[in-house]
Structure formats: structure tokens, C-alpha cells
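Let me begin by presenting the structure, written as C-alpha cells, before commenting on it.
The first residue of the sequence shown is numbered 1, and numbering continues consecutively from there.
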Amino acid sequence: MAKLDDRTMANMEVALEKACRRFPNGGDHESRKYIARKLMQSAEEGNTTLGGLDVVAHRAVQELSKPKSA
């Protein structure tokens, strides 16, 4: 795992918090963990801007909001 700089970490935190506002009470642990994992993967691939991380977090929320297929 690559060491991420302070700015990237701060951008990831902001993107996570903004995305989790869509959930009641800020989301449960598993939802937050899923979004954080997606953000970490994206940042390690070089996506470190707040705008880019916001997009990743928004997509993760959409994935979590999709109905589960049986």
C-alpha cells in the first residue's frame, strides 16, 4: 500500500463524509467501510483530487443503494 500524503487523506475524509450524508445517521459501519475502501483504492491509483474522490464516493453510495438481486 502506497503512503498517501496529508492532502489526499483530507480529501478522502471530506469525500467520505459528504457521501455518507445521504444515509440516515451518516451510514452504518459497513457502508462507511465500503466507501472508504473504494476511496483508498482510487487514491492509490492516483486519483487524489477532491472532485475525483467525490465521484468515487458517489458511485459507491449508488452501488450500496441498488436493490440486492436474489
Checklist entry - To the nearest 0.5 Å, what is the distance between OG1 (T49) and CZ (R7)? => result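 Here the rounded value is 11.0 Å.
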Checklist entry - Just how far is it from atom CG of N11 to atom OG1 of T48, taken to the nearest 0.5 Å? => result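 So the gap between those two atoms works out to 7.0 Å.
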Next on the checklist: Strictly by salt bridge (Lys or Arg N to Asp or Glu O under 4.0 Å), give each pair with a member in residues 24-34 just once, sequence neighbours left out.
Outcome noted: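 Counting only pairs at least two positions apart or across chains, the salt bridge (Lys or Arg N to Asp or Glu O under 4.0 Å) contacts touching residues 24-34 are E17-R32.
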I need the minimum non-hydrogen distance between [X] and [Y], along with the two atoms involved.
| X | Y | value |
| --- | --- | --- |
| L4 | A43 | CD1-CB, 3.9 Å |
| M12 | L39 | O-CD1, 3.6 Å |
| L16 | A36 | CD1-N, 4.1 Å |

Next on the checklist: Taking side-chain contact (heavy atoms from CB on, under 4.5 Å) as the definition, give me every residue that meets it alongside Q41, ordered by chain and number, with sequence neighbours left out.
Outcome noted: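 With neighbours one apart ignored, the set is R37, K38.
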Side-chain donor-acceptor pairs under 3.5 Å in residues 18-25, sequence neighbours left out?
residue, atom, partner, partner atom, Å
K18, NZ, D54, OD2, 2.8
R22, NH1, H58, ND1, 3.4
R22, NH2, H58, ND1, 3.2

Next on the checklist: Could you list the cluster mates of V14? Members are the ILVMFWY residues connected by side-chain heavy atoms closer than 4.5 Å, either directly or through other members.
Outcome noted: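 Its cluster mates, by chain and number, are L50.
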Item to check | T8: partners by side-chain hydrogen bond (donor to acceptor under 3.5 Å, both in side chains), with sequence neighbours left out | outcome: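 For T8, the residues satisfying side-chain hydrogen bond (donor to acceptor under 3.5 Å, both in side chains) (neighbours in sequence not counted) are D5.
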